[in-house]
Peer 1: 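Dumping the structure here so I can ask a few things about it.
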Amino acid sequence: MSLSKFSEDLNDMQLEGVLATEGPVLVLAGAGSGKTRLLTYKIAYLVLELGIDPRAILGVTFTNKAAGEMRERVQSLCGGSLAGVWLGTFHATCGKMLRMDGDKIGLAENYSIYDDLDQKRLMKEVITEAGLDPKEYDPKRILGAISGFKNRLVCAEDFVPSTKDEKAFAKLWTAYQDALKTNNAVDFDDMILLTVRLLQEHEEVRRKYSRKFQYVLVDEFQDTNHAQYELIKLLSGYHGNITVVGDDDQSIYSWRGAEVRNILEFPDDFTSAKIIRLEQNYRSTTTILKAASSVVANNSERHEKTLWTNGAEGDKIKLYKLPDEYAEAKLIARSIKDEIDSGTSGKDIAVLYRINAHSRLLEEALTKLQIPHIIIGGIRFFERAEIKDIMAYLRLIYNPDDDISFSRVVNMPRRGVGLKSMCRLKELSRAAGTSLYRTLIGGNLEDLTPNSRKGFADFLELIEELRLTAKKSDAGEVVAQTLRESGYLSMLEQDGGLEARARLENLSELVNSGIEFANTHPEDPSINAYIIEASLLSGIDEYQPDEESVSLMTVHAAKGLEFDSVYICGLEEGLFPIGRSMESNSELEEERRLFYVAVTRARKNVSLMWATSRHYFGDERIGARSRFIDEIPEELLEGDKKTMPPEEIFQRHSSSKVEKFAGGAINPGTIVEHPFFGRGQVQAVKGWGENAVLTVAFPKYGTKKLLLKYADLSIVR
DNA sequence: CAAACATTATTTTTT
DNA sequence: ATAATGTTTG
């Protein structure tokens with residue numbers, strides 16, 4: 001690749017950003033203005049033109065997926081010569097440094113990373129241990145407060161309580177940190193905080209990394225929190241070559257501690273900073289851009305900017321008013337079907353919603369029309385109970401002090417270890433001042449029933465055996481072995497129910513992911529490396545677009561993505577903007593930015609939907625049209641604010657559920673044949689498509705629930 | 001000790 | 001409405 005290629009592929013401003021390799025650079029980049037392109041080309045430029053060793057480059061992105069994509073793109077520009085570049089999320093980057101140098105701040109390299117579920121369990125225990133009631137002291141609230149402090153680099157020792165409540169809080173916080181320490185675990189926030197501490201307090205470590213990283217680049221800078229900002233300041237401190245890219249209009253993570261202020265402060269902290277504005281949008285039509293800009297212009301706390309495009313005017317934005325959420329889902333499904341029938345491929349279509357709970361209805365509607373789709377986010381793969389169980393085994397193998405993991409799996413599958421024996425073990429472990437697992441190794445369990453003693457012994461033997469396996473085998477093998485040896489597989493196989501089958505399916509996917517990890521990480525295919533990577537995956541990281549599938553996700557998850565056609569649903573006051581946000585101006589403005597992000601995902605078409613009635617918590621609520629719709633100039637909208645699409649579409653969910661299947665229809669009454677159970681009569685059909693759940697009465701085996709996807713059924717009549 | 005049953009929180013967004 | 005949690009019963 002030649003220098004002229006850079007000027008060919010980039011516009012003037014982008015090129016300027018790429019060429020400004022020395023010193024601090026702030027890139028203010030509007031939606032769709034090619035900021036990722038700038039970063040990608042900049043890394044390629046550093047490597048190809050300046051001959052910089054990739055190991056001297058650190059690129060930080062918001063998701064693992066973004067990091068992966070960036071790596072791929074740079075690699076294709078560079079022709080593969082990228083070995084050793086650090087490209088990852090803040091957490092992945094910190095994880096790497098902590099693994100190598102964490103010992104200096106007393107962190108063993110085999111630490112566990114606790115996600116919010118683990119955190120909650122731990123905090124609940126901490127509260128109970130302190131003799132308090134978890135109902136009065138809500139673990140989630142307390143963890144939220146702790147997180148807020150950690151994001152601002154305040155740790156438990158720094159906190160000076162004054163009121164009585166604060167004193168209680170401080171006590172719990174300290175106890176929580178102590179508990180983490182005993183478990184040899186860190187939470188997400190600690191990963192950043194501890195890394196900052198490590199760099200601040202150990203000059204030799206700081207020197208090592210800040211000299212190593214001659215060039216630091218940060219994507220989605222508007223979503224960094226204070227701790228993350230400090231971190232990159234420390235890392236880029238020696239060479240001072242730092243490029244940050246962000247858009248204040250797309251700041252949608254302030255609830256997680258992100259501070260747009262970082263963008264404003266950047267020129268103050270780096271007085272020589274070069275400021276580059278990318279205002280040409282390459283993604284959307286004029287109409288879409290105008291609509292999005294008009295809405296976000298209502299925010300007071302923002303940098304004025306003018307996005308423009310050479311693109312066509314494009315279609316108007318379609319607006320639909322619907323009687324309820326069923327009609328909404330149905331209309332979306334129908335409209336998508338029309339689009340697909342007229343040649344749009346599913347991967348170019350997305351349905352966006354404010355909250356995950358909305359995915360269910362949409363999914364049903366799409367399945368009913370047999371539209372292939374994927375839901376991104378929601379219950380993440382690594383949050384599923386069976387996956388968490390196996391991950392707990394794996395963590396325990398590596399980190400025997402991890403009591404949270406221990407408690408999770410000691411009796412899963414059943415080993416006859418109940419509440420009582422666990423209480424006893426806890427007592428012993430507290431007395432000995434060591435973890436549950438180590439207490440178990442120590443042995444004094446005479447006063448337990450033989451049954452539970454046997455259970456503990458079996459468990460101990462199992463973990464020890466797996467530890468040996470982990471020493472000599474790669475991640476894939478260890479996962480497979482754990483599944484088999486723990487009895488988890490046979491437990492599910494014996495169950496044989498439809499849920500168990502789905503779980504088996506997930507677990508086989510886990511094995512695959514372990515195998516793939518081992519194959520793609522020849523330098524360290526161990527289970528330990530795998531656990532760390534797996535702990536840091538998010539919902540969007542699982543997104544693998546295929547040709548046909550329509551994408552369903554929250555607006556948050558959609559950030560950074562683009563589609564030809566975008567449906568935004570649930571545009572009602574109280575839902576989008578969401579209820580709580582309407583009382584505070586800053587929160588309302590964040591909702592507006594969120595809407596801005598949603599609209600600017602679209603290249604060609606935007607459809608906005610709102611329903612006059614919708615169910616919350618089971619009961620019906622009447623909603624008004626979202627103010628964001630009214631903030632779009634009327635001439636950009638079509639489908640008028642008054643009219644409704646043809647009535648026939650909206651006949652409520654038909655009560656006769658008929659499932660089309662292999663050319664025939666399955667409905668209550670149908671006689672089906674099962675390879676094992678024989679013939680039976682369908683009693684009920686729930687759900688649609690391959691996910692439909694059938695209740696079938698078999699004369700010899702009774703009534704069974706079967707998942708259509710797995711049950712090998714054929715229709716008799 | 002485990003399954004069945006009743007009750008309660010949950011719906012903002014996630015590394 | 002549903003999932004997660006807590007309580008009772010066999």
Peer 1: Counting only side-chain heavy atoms from C-beta out, which of B:dT15, B:dT12, B:dC1 sits nearest to A:Phe188?
Peer 2: B:dT15

Peer 1: Reckon A:Tyr253 touches a base, only the sugar-phosphate, or nothing at all at heavy-atom distances under 4.0 Å?
Peer 2: sugar-phosphate

Peer 1: Any salt bridge between A:Lys559 and A:Glu220, counting N to O under 4.0 Å?
Peer 2: yes

Peer 1: In whole angstrom, give the distance that lies between atom CZ of A:Phe90 and atom C1' of B:dT14.
Peer 2: 15 Å

Peer 1: So does A:Asp458 pair up with A:Lys454, basic N to acidic O under 4.0 Å?
Peer 2: yes

Peer 1: State whether A:Asn151 places a side-chain N or O below 4.0 Å from either non-bridging phosphate oxygen (OP1 or OP2) of B:dT15.
Peer 2: no

Peer 1: Measure the shortest side-chain to side-chain distance between A:Asn110 and A:Asn528 over non-hydrogen atoms and say whether it is less than 4.5 angstrom.
Peer 2: no

Peer 1: Is any side-chain N of the basic residue among A:Arg256 and A:Asp223 closer than 4.0 Å to the acidic one's carboxylate O?
Peer 2: no

Peer 1: Can you figure out which of B:dT14, B:dA3, B:dC1 approaches the side chain of A:Lys420 most closely?
Peer 2: B:dC1

Peer 1: Rounded to whole angstrom units, what separation is found between the CZ atom of A:Phe221 and the P atom of B:dT15?
Peer 2: 20 Å

Peer 1: Counting any heavy atom closer than 4.0 Å, what does A:Thr224 reach on the DNA or RNA strands: base, sugar-phosphate only, or nothing?
Peer 2: nothing

Peer 1: Here's one to test your reading of the geometry: is the NZ or CZ of A:Arg384 within 45 degrees of the ring axis of A:Phe382 and under 6.0 Å from its centre?
Peer 2: no

Peer 1: Roughly, in whole Å, what's the span from CD in A:Glu572 to C1' in B:dT12?
Peer 2: 15 Å

Peer 1: Does the side chain of A:Arg415 get closer than 4.0 angstrom to OP1 or OP2 of B:dA2 through an N or O atom?
Peer 2: no

Peer 1: When you check every protein heavy atom under 4.0 Å of nucleotides 3-10 of chain C, what one-letter string (B, S, -) results, 5' to 3'?
Peer 2: S-SS----

Peer 1: Are the aromatic ring centres of A:Phe221 and A:Tyr229 under 6.0 angstrom apart?
Peer 2: yes

Peer 1: Using whole Å, what does the distance between atom C1' of nucleotide B:dT15 and atom CD of A:Glu533 come to?
Peer 2: 14 Å

Peer 1: Does A:Asn411 have a side-chain nitrogen or oxygen under 4.0 Å from the phosphate oxygens OP1 or OP2 of B:dA2?
Peer 2: yes

Peer 1: Given atom CG of A:Asn356 and atom C1' of C:dA1, what is their separation to the nearest angstrom?
Peer 2: 16 Å

Peer 1: Applying a 4.0 Å non-hydrogen cut-off, can you work out what A:Lys140 is touching in the nucleic acid: base, sugar-phosphate, or nothing?
Peer 2: sugar-phosphate

Peer 1: Go through B:dT14, B:dT11, B:dT15 for me and flag the one nearest to the A:His91 side chain.
Peer 2: B:dT15

Peer 1: Could you tell me whether A:Gly416 contacts a base, only the sugar-phosphate backbone, or nothing, with contacts defined as non-hydrogen atoms closer than 4.0 Å?
Peer 2: sugar-phosphate

Peer 1: To the nearest Å, give me how far apart NZ (A:Lys65) and P (B:dT14) are.
Peer 2: 14 Å

Peer 1: Could you tell me the separation between the CD1 atom of A:Ile252 and the C1' atom of B:dT14, rounded to a whole number of Å?
Peer 2: 10 Å

Peer 1: Please determine if A:Lys65 and A:Glu69 form a salt bridge, counting it only when a charged side-chain N lies under 4.0 Å from a carboxylate O.
Peer 2: yes

Peer 1: Quick one: A:Ile192 CD1 to B:dT14 P, roughly how many Å, whole number?
Peer 2: 18 Å

Peer 1: Between A:Asp402 and A:Arg395 (salt bridge meaning N to carboxylate O under 4.0 Å), is one present in this structure?
Peer 2: yes

Peer 1: A:Thr63 side chain N/O closer than 4.0 Å to the phosphate oxygens (OP1, OP2) of B:dT15?
Peer 2: no

Peer 1: Centroid distance below 5.5 Å plus an interplanar angle below 30 degrees: do A:Trp255 and B:dT13 meet both conditions?
Peer 2: yes

Peer 1: Look at the side chain of A:Arg354 and decide which nucleotide, out of B:dT11, B:dT12, B:dT14, has an atom nearest to it.
Peer 2: B:dT12

Peer 1: In whole Å, measure the gap between the P atoms of C:dG6 and B:dT11 for me.
Peer 2: 16 Å

